[in-house]
Structures are given as structure tokens and as C-alpha cells.
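In the text below, chain A, chain B and the rest are named by the order of the sequence lines, each starting its count at 1.
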Amino acid sequence: MLTNREIADTFHAIADALEIQGEDRYRFLSYRRVGDMIAELPEALSAYAARGELEDLPGVGKVMAAKIDELLRTGQLDFYERLQAELPAGVLELLKVPDIGPRTAGRLYRELSITSLESLREAAEQGRLRGLKGFGAKTEQKILQGLAQLATADTRMLLSQALELAERLLADLKAAAPAVWQATYAGSLRRGRSTIGDIDLLAASEDGAAVIAALTSLPSVARVDSAGDLKATVILHSGPSADLLVVPPARWGSALQHFTGSQAHNIAFRELAKAQGFTFSENGFRASDGSLVECADEIAVYAQLGLPYIPPELREDQGEFAAARAGTLPTLVELADMRADLHMHSTWSDGHAAIAAMAQAAITRGYSHMAITDHGAYLGVTGGLTPERALQQAEEVARVNAELAASGSNFRVLHGVEVDITPEGRLALPDELLAQLDIVIASPHVSLRQEREKATARLIRAIEHPYVDIVGHPTGRLINRRAGSDLDLEPIFQAAAASGTALEINAGPDRLDLDAPLARRALELGVTLAIDSDAHAPDELAWMRLGLITARRAWVTPERVLNCWSLERLREWLARPKGAR
DNA sequence: GCCGTTTTCGGCCCGACTGTTTTCAGTCG
């Protein structure tokens, strides 16, 4: 059975092929929109198909539904096969090169028989491109540069890397350009996606040219790709590119809304504006008489169409407009709601700090409690806790709590463990020990390549274990390095909801697992969530921010998150038999 | 190819920057 990802890729390929062939704009756009929609879908397409709901999906009509159905049933698509026969797959690859779009790709294929990145490079090096009408030496150079860039920038940045880079760039820009009144990052970074392609920056200033000049002369900038009076694109020494847009302060709101996206959200928003007699752009709302309504903040942008403010993390055209109209937008969890971090390690296993030091760091972050959850001994985990050492650790936790109480602090440390889930779904520590601990996280660390059926049964068995409170990083994915386990998530979420087991949004920068679409579906099915740093050092408690952003993208409210509960409420929940939670 | 608070046909988001074509198409976000 094809995954949503594979089917989305097929639709994107169809859209690209149709566009290169010069098909009607709105025909290929409809394929692209459906591809985008499928990529963000919370449930497997087969589930919608089984319920006969394909045509209820936005942008899917009879034709699209039949194509999805054919892909699900046969694993291939006749229509797509025929397209591929007309247009070699290598031609679609050309679209990955910056500055090569569908028109250019089509001409390169038809006029120079270029069918791969390799043959494109040869043709450019031999100076054959400039023979084409409209192509000069400069264009040829740009294409060669684009090909080189493609070879280096093959993976997207982690959210954590992009945040750090953007914040440094903003600081540098503000220092170099006094004319900047306000500046922030926008794009997929502001929406909190788990990986980021390039950095989008927005600055408010009355002197756009000065701000653009300041950006292009920053030491961190390797190359200027384009630069006008209002926007510029630069390539950074560290590899990624950054786009800067400069607008007058009076247009800050409309520009920020425009530049934050997503594209799908913007299209839907602009269609709404149109229905109310406006055209909307980064400059504001233009009425039919030509007058312009400027918006200094985003609240005014949404208010113009009678909508409440929609937080950036929700702007994916995944139901946020309907919720906004109905007044049912969620009150998203915030950093200030977080009272605890319930998954972290100390020198008792593979962490780098003592329990007391981790507690101090947690106190500094404003938490009221935390759980220390060192690894249980199993297979390769070095220094994992044996039952004996776990009991010794309990004494240290008690000492730390006694010292905290003696110093007048109300902060408390819960004693837990992160126990391994064996390939069969058993736990790697004895029940007698687990029963004595305050909190138990069970996580998969080994045998992550099991068959779907086995992997699913394994996780459900752990979820249903009477002493498991949280399942940590449920899929085991590592961003850019390892896909998660092949899991049937619906029954897993149902089991978690029914058994009163929380599922984790692990905030580790390369985990973010569950990711946002999965966490959103888990929430819909009634699962309680935990958002935890999995810190191995005091500084890493700051990773909570990444988990929080991911949770917000999943429409998570504080009520549904263990970490947002008071210590009393959490203790009460932990003390209850699992079936009664 | 889809779709409906100007509905079942006629629309479909918007604008800046670049190169090269002296008036704009192509690309991008």
C-alpha cells in the first residue's frame, strides 16, 4: 500500500510534467494543490478511501478521487505512466535547479534534448545554452552556479539550526542597519516546521535600500543572488540562502502575513479577500476603487476579513479558516504553560550532569517539578540502570528533594526511568521495580525496522502495559537520517487513548517525534500528550521550545499536556489505575 | 481539474526581481 507521501509525490510529479508540457495553468495547479494537501493529511489516504470520503477532501473531485483510488488499489497510475512516456523523468529534475522553471525546462528538453542534470551541466559548460533565444552568458553562469548549489544544499536544516541562524542574522542586521525599526523571521521557520529550506527575514524600515545594502554586506553573506530596493536573496557562508523583504512600518502586518505563508494558507486567504471585494498582497488590501487599506499588525489583517488572529503554526490551510469562522480556534499551548519537563537524563546513565544540577536548571526555567528518567539497562545502552542502581538512585532523588524542601523551595523531582521496549513489546526492567517508580517512560530504541504489523503490535503492547505512563519518541525517527518505524498509527492512538497512556512529543532537535500531523491526529483520537526535552545536559532543557512549537502546529491546548498540569494533578493521574485515567 | 455568501459556468493569489526581448516573460516565494 502506497503511503500518503508517495502519492503526494506522484501528484507533484504529474503537476510538474503537465506544467512543463504547457498544459492549462489551472489544471496542473489543481494537481499540485492536491499533492500539498495529501502531504499534510493526518490519516492514511486508504482510510478516507475505505470510508468513501476521498471526494470530501479539499480540491479532490471525481477525477482526482479516481486517480487516488487507482494508486491505492494497483500501486500505479496509468495516466502518470503515459505522462512519463512522453516526458523523461530527468526533465523533472531540471526544476530543482534555481532559476529553471517549467518553461525553461521544457525548452531545454525540446530544443537541446537535455534530459538530466548531468546533460544540462555539459551543455552549459560547452556554452550551448546561450545559443537559445533569450539566453545569454549570464543566464548560463547562473545555471552552472545553481547546479553547484544543488550539489551542496541537499538537505533541509533542522528547526533548531534555522532558529539559531535566523536569530543571529537578525541581530547582525539590526546592528548594521540603524534604519531597521523592527525585524523578525517569517516563512516556514515562523510556522515552526521541523525542517527549514531557507531563512525568510522581514524588516520594517522607511529606507529599504539601506537595509538591503546592510544585509548584502554582512560578513556571513557569501554571495548576493538578487537585490532590489525592497527584497534581496543572499547565499550564506554556512550554506543556506536567506530572503529579506523590507516594508514601511505601516505595512508590517500585511507583509508579515504574506511572508509567513504557507502558500496554501495565503491562496485561501486571498480568495476570501476577493470574495469580500478586495485583492490582498504584502502591501495590504486594495479595494475595487483602487484605495489601499494598510495593516500595521497581523491582527488587523485577519480582522479586515472578520476573522480572529490565526497563529502562524496553524497556517497550512488545514482547517484553520473554518475554525476561525466558527470561533473554535484552539488556545495553543505556550511556553508559560509548561510547569515541568518529564524526560531527562543524568550521570546515572548517559547524561552529563548530576540530578541536582538538572533540577537547578529546571528551576531556572520556571518549572515547578520535573522527572529524572535515566535509561534502564538493556543491550547497548551504556551505564543504564539495573534494578539495584535504580533503587540507589531513588535515595539520591529523595536527598535532592529533602534539600530543596529544606531550602524553602517547592520544586520537586519525580523519580522515573526510560525503559526500553524489546522487539516483542516487553519492557526491559522488571514490573516489581517499575511499580515503585513515580513515572515510567517506555521507548523504542532497537529493532526499528520491523514489519508494520509487528512494529505496531509491539508498540501497542507497551502502551497497554499497566506501569507505562508515557511512550517516548514513538516512531523513532531521526530527521534527515532515519525514517521512523513503519507503524499503523490509528490503532496505536486508539490504544493510547483507551489505556490512559500519554504519547510523547520528544523535543530533541533531530527527533520532534511525534511530529505535528501525527500529534494532531493523536489529539483528535483523545490521546494525552507529553512534551519533553529528553535533555542529557542542563542546557538541553531549552529544547522544550522546539517541542512546544511542534505541539502548537498540532493544535495542542495546555489541558491535553501532562507537563502543563500541576504536580498535584499529575500525581493524582499517575496514582490512578491506567484504565481509570 | 475544481468549485460556489456575485454558483453549475467562468472564474481560479499577488507582486518583486532578473535578464535581455526595448516592453516583458519567467521565476520565486
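Of the charged side-chain nitrogens involved, at least one lies within less than 4.0 Å of a carboxylate oxygen, so that A/E298 and A/R190 count as a salt-bridged pair. A salt bridge links A/E93 with A/K96: the closest approach of a Lys/Arg side-chain nitrogen to an acidic carboxylate oxygen falls below 4.0 angstrom. Note on A/E19 versus A/R32: salt bridge recorded, some NZ/NE/NH1/NH2 to OD/OE distance being below 4.0 Å. Between A/E490 and A/R521 there is a salt bridge, since at least one side-chain N of the basic residue sits less than 4.0 Å from a carboxylate O of the acidic one. With respect to the salt-bridge test (charged N to carboxylate O, under 4.0 angstrom), the residues A/R552 and A/E313 qualify.
For A/A137 and A/S30, each mapped to the nucleotide of DNA chain B holding its nearest heavy atom, the one lying further toward the 5' end belongs to A/S30.
The CG atom of A/D16 sits 14 Å away from the C1' atom of B/dT27 (whole-angstrom rounding).
Using atom C1' as the reference point in both B/dC13 and B/dT8, the two lie 23 Å apart (nearest Å). Comparing B/dA25 with B/dT20, their C1' atoms are spaced 11 Å from each other, to the whole Å. B/dT6 and B/dG10 have their C1' atoms separated by 12 Å, given to the nearest Å. Here the separation of B/dT18 from B/dT5, taken at their P atoms, is 41 Å to the nearest Å.
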Subject >> Contact letters for nucleotides 10-17 of chain B, in which S counts primed atoms plus P, OP1 and OP2 and B counts the base, heavy atoms under 4.0 Å >> reply: --BBBSSS
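Pairing for B/dA16 is with B/dT27, a Watson-Crick or G-U wobble pair whose two hydrogen-bonding atom distances lie under 3.5 Å.
Using a 4.0 Å heavy-atom distance criterion, A/F259 is classed as a sugar-phosphate-only contact. A/V247 comes within 4.0 angstrom of nothing in the nucleic acid, heavy atoms only. Counting any heavy atom pair closer than 4.0 Å across all strands shown, A/T104 reaches sugar-phosphate atoms only and no base atom. Across all strands shown, A/K133 has no heavy atoms under 4.0 Å from either base or sugar-phosphate atoms. Within the nucleic acid shown, A/F269 has no heavy atom closer than 4.0 Å to any nucleic acid atom. Within the nucleic acid shown, A/V60 comes within 4.0 Å of sugar-phosphate atoms alone, with no base atom in reach, counting heavy atoms only.
When distances are taken from the side chain of A/K138 to each of B/dG1, B/dT20, B/dG29, the shortest belongs to B/dT20.
Separation of the A/H12 and A/Y31 ring centroids does not fall under the 6.0 Å cut-off.
Relative to the six-membered ring of A/F280, A/K274 misses at least one condition, a distance below 6.0 Å or an angle of at most 45° to the axis.
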